[in-house]
Number of protein chains: 2
Amino acid sequence: MKNSHSYQINEKVYEQGEAATYIYQVVSGAIRVFSKLNNGYRQIGSFFFPGDIFGLEPGARRRWSAEAVVEATTVRLTKRKVVVQKAQSNLSLARGLWNLTARDLLHADHHRVMLGLVTAEERMAAFILEMNSRIGVDGEIDLPMKGTDIGNYVGLREETVARVISKLADKGVLRGNGSSRWGRRLNLRRHERLRAMLPPSSLLELPPLSEKLIQTIFSKP
Amino acid sequence: MKNSHSYQINEKVYEQGEAATYIYQVVSGAIRVFSKLNNGYRQIGSFFFPGDIFGLEPGARRRWSAEAVVEATTVRLTKRKVVVQKAQSNLSLARGLWNLTARDLLHADHHRVMLGLVTAEERMAAFILEMNSRIGVDGEIDLPMKGTDIGNYVGLREETVARVISKLADKGVLRGNGSSRWGRRLNLRRHERLRAMLPPSSLLELPPLSEKLIQTIFSKP
DNA sequence: CGCCGGATTGATCAGTTTCAAGGCATGTGG
DNA sequence: CCACATGCCTTGAAACTGATCAATCCGGCG
């Protein structure tokens, strides 16, 4: 396998339980990482967008599965074992990886607080603000994932997702693209109204990744 | 402050937003770590029991609050800054701290999958199994926290917690202490029945902490 | 013995899921 | 260029689960 790869929409990148062979960085497209629950439910743990690194595991096994959200999602990859071993003797790399794990923790903590939120509206507000800070440009959010995925991330059914978005649109908090339907594009009109629905602790702001670290991880030896 | 401290029941150890001054290890009693939500709700993120280390943060601020669950909860403590700084030049310590962060991540991931579970019974099953693996001895679980805390951890109201436990007792999966009431002591009769309610991925087994790491962290310089 | 914190149980209520039916946009083939 | 199929979003109505509100119980303790 070369040091980059492209996936079709919904194609599997890796699966829960497998050996964790690679660390990935999204180049284009988007990735969803999820865990299978009972009854065909799945809990999505994260979405990853260009620039994000994913697939570094604390242990040697995949604890989640990963799939491409959109057609032609491409990633860079590098052997996990090599990187981890290099960190055994490279303090700065070790601290870099520690930092990556810490980011994952920050996100996981943020996510579980979100899942603890009581109402559907609160959870959607948290989701929208998270996506805005990750892939929003100037209040325009182009969501690559479908409603079902959003539901699997925030713990709601896709119908509820649609209903909440409609309601928020009615309230003037945001708008879809033109008509009342959102069509995967949101136009945030009033941040504050969403913020106001949430406890202060439920916002997440991550510092940018160190470019140097990325190079250390993905450079050819 | 000495290098150990004892707290009264419900006494605050630290609070969300504060500077993170210490790293702690529970000596006796139990700690709950939580985040305030709206409407007086709180999301409990973890319970810590004797031997557990808590309070190492990825950043310099407390992202959660911590309180003593029971009277006379005692902890060891050490200056976070000193330890983190030592890790700047000590590879093995750095890897140890990385490992601690990784544990937190493992737990957080486990917890958010639990919060994504659909029914009250599933969530309680996951909780009971988690507590069994943490503080259960031979199927006997002495829970130090009250029903409200359990609810705040699994995302249910205290009444629902009681109802589910009653139902599980009726089903013969577990028993309270003598009468139909559980009184904070559970006797697990049929593990498998609880397991069977859950997706395979939702079990968490952590390796024991390295004794050497603990000493490095808490030893007097 | 009476008080108190917490657990339990019962009876509604409310919000989300579920089931079902369209709607809209896109793409494909004739 | 239109007819139709597909995938997803949207909306409606009914069913259900857990939340709420309220009362009671239980064990421990002053």
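Per chain, numbering begins at 1; letters A, B, ... match sequence-line order.
- When the C1' atom of D/dG18 is taken as reference, atom CD1 of B/Ile165 falls 16 Å away, rounded to whole Å.
- Defined by atom type and a distance below 3.5 Å, a donor-acceptor pair is present between the side-chain atoms of A/Asn38 and B/Glu122.
- When each of C/dT16, C/dG6, D/dC8 is scored by its nearest atom to the side-chain atoms of A/Leu156, the top-ranked nucleotide is C/dT16.
- Remark: A/His107 pairs with A/Glu130, A/Tyr153 by the side-chain hydrogen bond (donor to acceptor under 3.5 Å, both in side chains) rule, at least two apart or across chains.
- The nearest whole Å value for the distance from the NZ atom in A/Lys146 to the C1' atom in D/dT10 is 16 Å.
- A sub-4.0 Å separation between OP1 or OP2 of D/dC9 and a side-chain N or O of A/Arg184 is present.
- Residues B/Tyr41 and A/Arg163 each lie close to DNA chain D; by heavy-atom proximity, the contact nearer the 5' end of the strand is made by A/Arg163.
- In this structure, A/Ile150 atom CD1 and D/dC8 atom C1' are separated by 12 Å, rounded to whole Å.
- Residues B/Glu18 and B/Arg61 are not paired through a salt bridge, judged by the lack of any N-O separation under 4.0 Å between the basic side chain and the carboxylate.
- Closest approach to the B/Ala162 side chain among D/dT11, C/dT8, C/dT16 is made by C/dT8 (side chain taken as heavy atoms from C-beta onward).
- Per the geometry, CG belonging to A/Leu186 stands 13 Å off C1' belonging to D/dC9, to the nearest Å.
- To the nearest angstrom, P of D/dT10 lies 12 Å from CG of A/Asp170.
- One can place CD of B/Glu71 at 13 Å from P of C/dG6, the figure rounded to the nearest angstrom.
- Along DNA chain C, the nucleotide nearest B/Val118 and the nucleotide nearest B/Gly147 are compared for position; the residue whose nucleotide lies closer to the 5' end is B/Gly147.
- What separates CD1 of B/Ile9 from P of C/dG5 is a distance of 12 Å, to the nearest Å.
- Between C/dG15 and A/Thr160, no contact under 4.0 Å exists linking OP1 or OP2 to a side-chain N or O.
- Between the C1' atom of C/dA7 and the NZ atom of B/Lys167 lies a distance of 18 Å, rounded to the nearest Å.
- Using a 4.0 Å cut-off between charged side-chain N and carboxylate O, A/Glu57 and A/Arg62 make a salt bridge.
- With hydrogens and angles ignored, no donor-acceptor pair closer than 3.5 Å exists between the side chain of A/Glu159 and the base of D/dC8.
- Put simply, B/Thr148 has no side-chain N or O that comes within less than 4.0 Å of OP1 or OP2 on C/dG6.
- A search for side-chain contact (heavy atoms from CB on, under 4.5 Å) contacts involving B/Ala30 returns B/Phe49, B/Val69, B/Pro144, not counting sequence neighbours.
- Out of D/dA22, D/dT11, C/dA7, the shortest distance to the side chain of B/Glu158 is found at C/dA7.
- Backbone-only contact: A/Gly155 has heavy atoms under 4.0 Å from sugar-phosphate atoms and none from a base.
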